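A short worksheet on the structure shown next.
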Amino acid sequence: MNRKDGHLKVTGAALYATDHQREGQAYACAAHSEIASGELLAVDATATLALPGVLTVLHALDAPKLFRCPESLNVGERRPPFEDNRIYYAGQILALVVAESFEVARHGAQLLELKYKEDEQVSLDFERDLREGKIEQTDASSRGQAAEAFDRGHARIDATYETPVGIHCAMELHGAVAWWEEERLVVEDSTQWVVGQSKALANTFGLPESDVEVRSRFVGGGFGGKLFLWSPSILAAEASRVVGRPVQFSLDRRGQFTSAGHRPRTRQRLRLAADEDGHLVSLRHEAVNQTSQVDQYEESCPDVSASLYQCPNVSISQGVVRSHVGTPTPMRGPGETPGLWALESALDELAVELKIDPLELRLRNVAQRDEAKDLPWSINLHERCLREAAARFGWSQRNPEVGSMREGSEVIGWGIASTSWAAMRSSATVTVDLLQSGKARISCATQDIGTGTYTVFAQMVKELTGLPFDSIEVRIGNSRLPTGPISGGSMVTATVVPAIAEATEKAIDALLDLAVAEDGPFAGSDKKSLRMVGGKLCSRSGGASRSIGEVLESKRLSFVSGKGEASPGEEQERYSFRSFGAHCAEVRWDAGLGRLRVSRVTSVIDSGRIINLDTASNQVYGAIVMGVGMALLEESVYDKRTGRPVTDNLADYLVPVMTDCPEIDLSLLNVPDPHIGKLGARGIGEVGLTGVAPAIGNAVYHATGKRIRTLPIRMEDLMG
Amino acid sequence: MKLINRDEGALARSPSSEEVAQTSIELRVNGRRQVVAVEPREVLLDTLRERFACTGVKKGCDHGQCGACTILLDGRRVNACLMLSVMAEGCDLRTIEGIASENGELHAMQQAFLDHDAFQCGYCTCGQIVSAVGMLNEPWSADPQSLAESMSGNLCRCGAYRNILAAVSDVKRAGNRREASRDEDL
Amino acid sequence: MKPFHYERASTVEEACSMSTESEESCFLAGGTTLIDLLKLNVMRPAKVVDVRNVDMDTVDLLEDGGILIGANVRNSDLAWHQKVRRDYQALSEALLSGASPQLRNMATVAGNVMQRARCPYFRDNYSPCNKRSPGSGCAALGGYARSHAVLGTSEHCIATHPSDMCVALAAFEAKVRVEGLAGTRDIPFSDFHLLPGDRPDREHAIDPGELITGVVLPPNVEGASSVYLKSRDRASYEFALASAAVSFALVEGRIAAARIALGGVATKPWRAFEAENCLEGNEPSSELYEEAAALAMEGAITQPDNAYKVPLARGLIVRALAIARERVEAQV
């Protein structure tokens, strides 16, 4: 079965945000701050305004004021663009040029003369800020006596791990085409949350929610970067309001490195202690992340450490350091991804210290219940994942001695790490219509960011109605549809699937009512004696079947509808939900060539029932590739003197290419979660990624004997 | 050392857009003859998207670093973001919109991408497919390492590489088999 | 990107006179460097002279056994060219390791010879950069310099020359053929690219109004084999952090006609003459390779971020020499 949206995607017919063209459309280009801290004193737009084709220039000193969104609503940056003339980070958008063509807008933006007053005090040096203790504690929790237990431990690890700024680098830039229909705002957007985006835009422009329509039928990748409202959508709408025409605006690739969120830098100190048998007796995880001047974003790294393994004495804390950087935002597996880099690396160090196989150490510490929440697991197949991954990978063949496995000029290393992600659900409303044409239509204001939402939804309705896959229309990607969930946190499937089931059942039931009514084709029959097979109603005892169209025709109706609503229920109070898995990685290091590559990854993951094995596997393959990037390639560098991005493009911020893709062996256990809701599906987006980097780092140690605690691991770390 | 250096001097010497002659260019886009007047600075990617509605040609980086804008120029794959439109004068251009046959039957590469689920978000996909079609005309061998190298000019952030490679390999090997049997016939 | 005049030349003479009419002109061939930098507002010509119609897109065999590569020959065509693959293997390998298949289909030989620096402070258009804005300073010094040069640097510029192809051309002792209204001259490859010194903005020994029309490759030495090795973080589609092109022959068991050129570590395609001399006339051995490699990197000046390039380049040279030897022996 091919993807529902597959044909559109392979023919170029799938239209993404800025692919939409409106009659009379104008184009906008931004000018970004070259300084990291200060004030914008003046904008000289004389040369820009003199260019033929320039329509207007908007900037902080001359732009209508926009409103902030309430704290209860997540947005990318709380401060709307042009709110004041303060400059909080290099790359901040300070002006927008709107013109007849893209060429003129870009030229106009380059011609703007921005005059600044630069502040003396600038916070750009994370390391210095940490040394000077400029940390604001934001969160802490504990159980037992972690400090005392640490001192009594038989084996102890006290190490500090770091992760750099990561950039989502969705292939589609943040961009939008916006226009106004009377007082109503319509935006062709690129968002992981059409509902949130429309709420946020309504707040920003002071409109009733019903007057904003956000469309996002196709999203060219998000990875967290498009969860919340960022300035491009606002500025497209604002520019359109000013010039009275539709406006297309997109960040350029450089802008993505400053102005649309990132995974923040983290530093994490891990202290682990175990007894002689390798049971954890103390775990302390203290994390700090960089955040911006304007928002407090917490990358909750240590949360996972409190529940992944069994340990009586745990203390975790989180803090932030304010810097002159853009505001961070979730990036795939927020918290867990950098958090597990630290925890799973530290466990490997502990295994070495204890002289216990790192697989065995993890097996000995599998959590029997969620000790952080003090709840039983809904289901925990962590141990099975570890064992199966090790077996498939050939872990028993591993010679534990560092550098002992060689092939030609390469030294080979094998590493293992657990992977995990808290399984969440939110609320959704879905309608399913059965149509006179014999087709079905499913509607929900959620979106497909590439995860296969179109396909999984259609597949569900197909299973429940027997209608052919091609006869099911999926309508998503529009904020005016029945309210659906954000595409984030691996929640869409777990959230919406139960609602689809309910809506479909109700639609069928409504059809049955018509069928057994007086003038219906099954008049006089008992509803219970009928069922839907192959998209048609028939009697359980056999006999003629009637199509949806025939049943509706009897009442001259165009369709019948069923509505399903699903929300997390009281199961959330009774169980803790988490997906678990294990990654084994093989790396090859050729010291003479300075070449470090990941050659092989085996992953076994339990994320509940898998609705579509193809799309789920595809997501995990991709997550593993992203993990390779995180481990070996990706780092967004900012000049310490100026705060400007240095690796601000796709030739210098390296994301993996096809030759970096390892051989991947994946097994998804496909065991339904007994409590999370109908069908027991949990979601797969993040758990594929979270433990990949430490598995690779641990393999690097096994190959080279070098324990690299700061990502990415580069050749220079291993040389000499 | 001044930390900002924008070197405004050079700008003064530039011609204004009125002084620069618009150039009329003639080209074929997906088999159709097109005549269009462009400023010299207009980039082919923007012309294709904004004037010819070939929006399957994507802007991912605008600097030749991602491959999302890959098109076939006289049969060879190139990045449309690093060509001026005037450079396409007299050329035959093929974008994703012109890869399938006239009757709508998908190109084998498109079909293989579907069959192998070789994409997720789909944004890089058009460039990947056009690039892979261009690759078939180049002397790459069909072993996986060579094919991965041959496709390394197309980034996929979803990381669908495993399935893309499977799709590309299928088509490449089928092509090789066809060539082999043709050689035997001769 | 600001507006510019655009003209098409169909002969060398036309190209040269079109370009001399305007002080701020540049030639356009593949466009992969120029259009990139136009968009960044780093290059701001008043006029662009398109030379793609000038007839110089063939690879011609010369009487002495060498080849003349037309300036407009595409990188991919040159890489796959049979004679190049056979006699100048390092050149083919260098080309295929550079950029992406799409870019290689666009980029020309002359354009690649003229490739501009990849220094982020050169490209950002607002940092001090002596190459872009003479006299403004060098932001890379004291900045992020992981990819920067360790050889041939000055206190005014440490930008790396990014080309792979040029490294192989340096090793094969190519000559750059330039034609102008005053006539034709062949510039030895080692003299073509200039060290930054105190004028990093001057990059080539080419005069205004002169056009590169081709690259002459002398015949490779009888029995010689060559190899190009490149090191980078990503497995493909990345500029070299270090690279080495080596070539030599064995005469009665001793190294003859040794050539070593380095990329990714120097401000220009770098010939390691002392290292070559150290190899000449000696029997190949790993000790000898190490000695040559050490000589090649002698005098390197490193920054905090790029000191790793010295051992990296040494390792590449040693490995490249070992592979070249295997290839020489495989020929026999």
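All values reported here derive from a predicted model rather than from experimental measurement. Basis for what follows: all heavy atoms, side chains included, without hydrogens, waters or symmetry-related copies. Lettering follows sequence order; numbering is per chain, from 1.
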By a 4.5 Å heavy-atom criterion (distance strictly below it), what part of [X] contacts chain A: side chain, backbone, both, or neither?
{"X": "B:Asp115", "result": "both"}
{"X": "B:Ile129", "result": "side chain"}
{"X": "B:Ala160", "result": "both"}

Heavy-atom side-chain proximity of [X] to [Y] below 4.5 angstrom:
{"X": "B:Leu106", "Y": "A:Val10", "result": "yes"}
{"X": "B:Arg162", "Y": "A:Val625", "result": "no"}
{"X": "A:Asp448", "Y": "B:Gln120", "result": "no"}
{"X": "B:Glu50", "Y": "A:Tyr27", "result": "yes"}
{"X": "A:Phe102", "Y": "B:Glu42", "result": "no"}

Discussion item. Working to the nearest 0.5 angstrom, can you tell me the gap between A:Arg253 CZ and B:Lys59 NZ?
Written reply: 12.0 Å
Worksheet item: Are any of the side-chain nitrogens in A:Glu634 or B:Arg157 under 4.0 Å away from the carboxylate oxygens of its partner?
Response: yes
Worksheet item: Is the number of heavy atoms from other residues, nucleotides or ligands within 6.0 Å of CD (B:Gln145) greater than 12?
Response: no
Fill in: Atom of B:Cys126, atom of A:Lys9 and distance for their closest heavy-atom approach
SG-O, 4.0 Å
